[in-house]
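Since we're looking at a predicted model, the values are computed, not measured.
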Amino acid sequence: MSRKQFTATVLLILALVLAFATPQGTQGQDNNGPYPKMAPISQYMMADRDAEIALARTAAPESISRDAEILVLGAHGYETAVKGTNGFVCLVERSWGAGYASAEFWNPKNRSPDCYNPPAARSMLPLLLKRTELVLAGDSKEQIMAGEKAFGTKGVPALEPGAMCYMMSKEAYLTDQGNHNLAHLMFFVPKGTAWGESLAGSPVQMLRPDVPGAPIPVSLYIIATPVWSDGTSAVSE
């Protein structure tokens with residue numbers, strides 16, 4: 001990868017950090033950006049169920065996604081569209097999966113194919129599914145935060161070792177920033193893990209330090225990949 005290509009990747013990672021970070025003290029506040037409130041629910045939905053299934057599968061290489069459980073967004077939350085056999089769960093995440101203070105929390109253009117591995121599907125995905133139910137019920141951000149926290153405290157297992165997620169879709173729209181996309185993997189680790197992130201010379205970047213978890217928050221790290229899920233190059237020329 002050339003210096004120019006590496007710089008472009010770093011800039012997009014930083015754009016994602018800014019889009020999804022949640023500064024302390026502003027979590028419950030709406031922002032004054034281009035998406036100050038939720039758009040009509042219809043704008044977040046995909047009209048073609050089969051197209052949503054196909055897009056969800058692009059999150060990971062076909063060797064993984066072909067046997068994964070596939071979820072699609074319904075009127076009240078995510079629904080199982082295809083039963084899986086390998087423990088992975090793929091879906092197209094919407095913008096409210098971001099940090100609560102993100103300027104793009106209500107961005108209806110967001111389409112983020114994810115494929116959670118079995119540990120993440122058991123210990124992280126339930127929180128996203130609950131948040132989605134609260135969003136579609138019309139709850140405020142404050143109510144969504146409180147409901148997600150209460151749900152995590154009561155019924156979600158502690159973060160399992162090895163929890164991660166594939167986000168390698170060529171067709172994703174992750175953010176309004178840059179070219180809107182990045183082939184990458186996400187890793188969920190206990191908050192406070194000493195990986196040397198943000199230190200001089202360290203290539204490790206923390207995407208969000210406040211991801212909800214049970215019984216305590218976790219940290220989310222990303223690693224860019226040089227290829228998309230279909231095997232083609234993700235490196236800019």
Side-chain angles (χ1 to χ4, degrees), residues 19-47 49 52 55-56 59 69-81 89-116 120-160 163 165 167 172-175 186 188 191 207-220:
F20 291 101
T22 306
Q24 288 191 354
T26 62
Q27 291 182 349
Q29 300 176 11
D30 281 335
N31 59 77
N32 295 317
Y35 312 105
K37 62 181 181 179
M38 187 176 184
I41 290 178
S42 61
Q43 294 187 27
Y44 300 96
M45 307 298 256
M46 293 183 63
R49 186 180 177 93
E52 183 161 358
L55 181 57
E69 180 176 345
I70 308 297
L71 307 183
V72 298
L73 187 64
H76 305 289
Y78 282 99
E79 307 165 351
T80 299
V89 180
C90 302
L91 71 158
V92 180
E93 189 175 327
R94 285 2 184 234
S95 56
W96 52 75
Y100 285 104
S102 168
E104 297 190 39
F105 188 86
W106 295 122
N107 184 352
K109 298 192 293 292
N110 181 283
R111 298 291 184 272
S112 301
D114 300 341
C115 204
Y116 290 79
R122 291 188 293 264
S123 58
M124 291 303 302
L125 181 58
L127 293 160
L128 173 63
L129 301 184
K130 183 62 178 179
R131 181 186 291 199
T132 299
E133 292 176 7
L134 297 170
V135 166
L136 296 181
D139 287 4
S140 67
K141 278 189 181 179
E142 290 76 10
Q143 291 172 321
I144 295 167
M145 291 171 64
E148 184 180 23
K149 182 177 180 180
F151 174 73
T153 300
K154 293 178 180 178
V156 181
L159 177 67
E160 295 188 27
C165 180
M167 294 190 71
Y173 189 105
L174 306 179
T175 172
M186 300 194 303
F188 305 98
K191 188 173 183 179
L207 180 59
R208 282 176 56 192
D210 69 325
V211 180
I216 60 174
V218 302
S219 295
L220 170 58

Would you give the length of the straight line joining atom [atom1] of [X] to atom [atom2] of [Y], rounded to the nearest 0.5 angstrom?
| X | Y | atom1 | atom2 | value |
| --- | --- | --- | --- | --- |
| L129 | L73 | CG | CG | 10.5 Å |
| E148 | D139 | CD | CG | 11.5 Å |
| R122 | L159 | CZ | CG | 11.0 Å |

[Y] backbone acceptor or donor facing [X] side chain under 3.5 Å:
| X | Y | result |
| --- | --- | --- |
| T80 | L71 | no |
| K141 | Y100 | yes |
| Y78 | V92 | yes |

Do [X] and [Y] touch side chain to side chain, with heavy atoms closer than 4.5 Å?
| X | Y | result |
| --- | --- | --- |
| M124 | V218 | yes |
| W96 | N110 | no |
| T175 | E104 | yes |
| V135 | M38 | yes |

Heavy-atom pair of closest approach, residues [X] and [Y]:
| X | Y | answer |
| --- | --- | --- |
| G97 | L128 | CA-CD1, 4.1 Å |
| R111 | P108 | NH1-O, 2.9 Å |
| A56 | I70 | CB-CG2, 3.9 Å |
| P157 | S123 | O-CB, 3.9 Å |
| P113 | A172 | CD-CB, 3.5 Å |

Exercise for review: Would you indicate whether K149, at its atom NZ, is surrounded by more than 12 heavy atoms from other residues, nucleotides or ligands within a distance under 6.0 Å?
Suggested key: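 Open.
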Exercise for review: With side-chain contact (heavy atoms from CB on, under 4.5 Å) as the test, would you mind laying out the steps for M167 and D114 before giving the verdict?
Suggested key: CA-CA 5 Å; M167 294 190 71; D114 300 341; 3.0 Å; yes
Practice item. Would you check, one step at a time, whether the test side-chain contact (heavy atoms from CB on, under 4.5 Å) holds for L55 with M46? Key: CA-CA 10 Å; L55 181 57; M46 293 183 63; 4.0 Å; yes
Review point. For the residue pair W106 and Y44, does the interplanar ring angle fall in the parallel (under 30°), tilted (30 to 60°) or perpendicular (over 60°) class?
Key: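 Answer is perpendicular, since the angle exceeds 60°.
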Exercise for review: Spell out, with a plain yes or no, whether C90 and C115 have SG atoms under 2.5 Å apart.
Suggested key: yes
Review point. Less than 4.0 Å between a side-chain N and a carboxylate O, is that true for R49 and E79?
Key: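 Salt bridge present between E79 and R49.
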Review point. Should T132 and R94 be marked as a side-chain contact (heavy atoms from CB on, under 4.5 Å) after you check the CA-CA gap, both sets of side-chain angles, and the distance that decides it?
Key: CA-CA 9 Å; T132 299; R94 285 2 184 234; over 6 Å; no
